[in-house]
Number of protein chains: 2
Amino acid sequence: MRADARDNRARIMTAADDVFGRSPGASTDDVARLAGVGIATVFRHFATKTELLEAVLTLRLERIRDRALELAGSDDPGTAFFEFFTQVVSESASKLAIAEALTAAGAAAGEEAREAGRGMREAFSGLLTAAQKAGAVRADAEMPEVYALLIGASRGATAAKLDPETRDRMLALIYDGLKPRG
Amino acid sequence: MRADARDNRARIMTAADDVFGRSPGASTDDVARLAGVGIATVFRHFATKTELLEAVLTLRLERIRDRALELAGSDDPGTAFFEFFTQVVSESASKLAIAEALTAAGAAAGEEAREAGRGMREAFSGLLTAAQKAGAVRADAEMPEVYALLIGASRGATAAKLDPETRDRMLALIYDGLKPRG
DNA sequence: GTATAAACGGAGTGATGACTTCGAATATAT
DNA sequence: ATATATTCGAAGTCATCACTCCGTTTATAC
């Protein structure tokens with residue numbers, strides 16, 4: 001692959017991440033314009049708009065998964081779990097599309113993105129069970145509902161455009177529900 | 001207003017509520033077809049698609065507000081609060097779809113819908129303070145974060161397509177965080 | 001430096017969907 | 001029953017967007 005082609009591909013990905021992050025309904029032309037390339041170039045690298053969206057989504061999911069895996073090495077599983085949770089939520093609040101990305105991952109996404117979503121959930125599940133073994137999270141909370149909480153908190157924070165203080169107060173309420181009964 | 005016109009208007013509203021509740025991206029033609037009227041009739045009653053969406057959204061918000069006001073009369077404020085919360089979350093799927101359609105249509109909610117939303121929030125706030133006075137909800141939880149939880153739970157349940165059991169388990173976690181510390 | 005294969009951009013194309021127009025149909029007043 | 005004012009629906013218009021074609025440019029191998 002020629003050097004300029006690789007450059008352009010990277011620029012398109014970055015632009016798409018930015019544009020679709022701001023408004024999911026944006027057009028392919030918008031992406032091309034921001035990337036500073038012609039529209040044909042976008043379609044040469046990504047055969048369809050869906051393919052482009054999937055590539056961006058996959059990248060985001062993998063980034064989140066990597067952070068989870070990184071935190072999994074921590075020697076304080078409780079802190080690791082809550083820190084990850086908080087980080088995902090606050091990132092989604094600033095970057096409007098992350099919540100939608102999470103949804104799309106579970107729902108009708110292509111194989112690549114679905115795989116990335118699976119990896120992310122697995123990493124999160126690992127954090128959860130470790131935190132439970134350490135006694136930081138109640139043992140009767142299971143993955144499906146805890147994951148639902150994560151998505152819900154993310155989407156809620158984004159949709160309601162919460163300021164950081166309110167967001168933290170909301171998270172504090174959620175965490176109190178997740179901690180073992182005193 | 002002629003009788004057939006009023007009839008059609010009602011049929012269009014019902015059809016729109018149904019169609020947009022199912023898929024936010026639906027076209028005006030879809031609505032007309034389900035309502036059994038021509039497309040021009042839809043536009044005669046609602047000048048733009050946005051206007052139609054707003055009418056439907058407003059109706060839904062008012063219905064929720066009425067439910068809250070109804071429960072406000074209860075002599076068990078704690079139960080009333082949690083029952084309302086649960087009900088909103090389980091019914092949220094279609095309401096959110098409509099709200100999403102509205103934002104997708106470009107226009108943020110217009111004055112009418114915004115007013116309905118305000119009324120709904122006020123009614124919810126009343127339920128909350130009553131439940132707190134009755135000792136069923138911790139006193140240090142304030143409206144913004146509790147409302148954020150409501151939105152988050154709704155959006156999360158919808159986005160993750162939770163089955164009822166998981167949804168209830170998620171709500172149980174949230175409610176544990178909202179109850180006074182044991 | 002030149003050849004050539006690869007990549008580029010911008011002007012199309014076709015489909016879709018919001019909205020309009022206008023002649024046909026129908027409810028109500030007389 | 002008839003007049004007429006109002007409503008109806010099907011066939012348009014126009015803008016937008018995903019995607020393609022093709023002549024031009026540019027990186028790299030020799």
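Reminder, nothing fancy here: chain letters follow the sequence lines and each chain counts from 1.
Of the listed nucleotides (dC8(C), dC19(D), dC8(D)), dC8(D) has the atom at the smallest distance from the side chain of H45(B). Considering only side-chain atoms of D4(B), the nucleotide from dA27(C), dA27(D), dG10(C) that sits closest is dA27(C). Here the nucleotide nearest the side chain of T28(B), chosen from dA18(C), dG9(D), dT20(D), is dA18(C). Ranking dC8(D), dG9(C), dA18(D) by closeness to the V37(A) side chain, first place goes to dG9(C). Counting only heavy atoms from C-beta on, F43(B) has its side chain closest to dT20(C) among dT20(D), dG9(D), dT20(C). Taking every side-chain heavy atom of R2(A) into account, dA5(C) is the closest of dC8(C), dA5(C), dC19(C).
One can place CZ of R6(A) at 14 Å from C1' of dA6(C), the figure rounded to the nearest angstrom. If you take CZ of F46(B) and P of dT7(D), they are 14 Å apart, rounded to a whole angstrom. When the C1' atom of dG9(D) is taken as reference, atom CG of L34(B) falls 17 Å away, rounded to whole Å. The separation between I39(A) atom CD1 and dT16(D) atom P is 15 Å, rounded to whole Å. Atom CZ of R9(B) is separated from atom P of dT6(D) by 18 Å (rounded to the nearest Å). Here the C1' atom of nucleotide dA18(D) and the CG atom of D30(A) are 13 Å apart, to the nearest Å. Taking atom CG of residue N8(B) and atom P of nucleotide dA25(C), one finds them 17 Å apart after rounding to whole Å. The CG-C1' distance, from D29(A) to dT13(C), rounds to 14 Å in whole Å.
Crowding of Q87(A) atom CD: a count of heavy atoms from other residues, nucleotides or ligands under 6.0 Å exceeding 12.
Counting any heavy atom pair closer than 4.0 Å across all strands shown, A40(B) reaches a base atom. Among the protein residues, G36(A) comes within range of the sugar-phosphate backbone only, with heavy atoms under 4.0 Å from sugar or phosphate atoms but none that close to a base.
Between D17(B) and T14(B), the side chains place no donor N or O within less than 3.5 Å of an acceptor N or O (distance only, hydrogens not considered). Donor-acceptor pairing under 3.5 Å is recorded for the side chains of S94(B) and R60(B).
Taking side-chain N and O atoms only, T41(A) has a distance below 4.0 Å to OP1 or OP2 of dG9(C).
Nearest-nucleotide positions on DNA chain C place R44(B) closer to the 5' end than the other of A3(B) and R44(B).
A donor-acceptor contact shorter than 3.5 Å links the side chain of D30(B) to the backbone of S27(B).
In this structure, F124(B) and Y147(B) have tilted ring planes: the angle between them lies in the 30° to 60° band.
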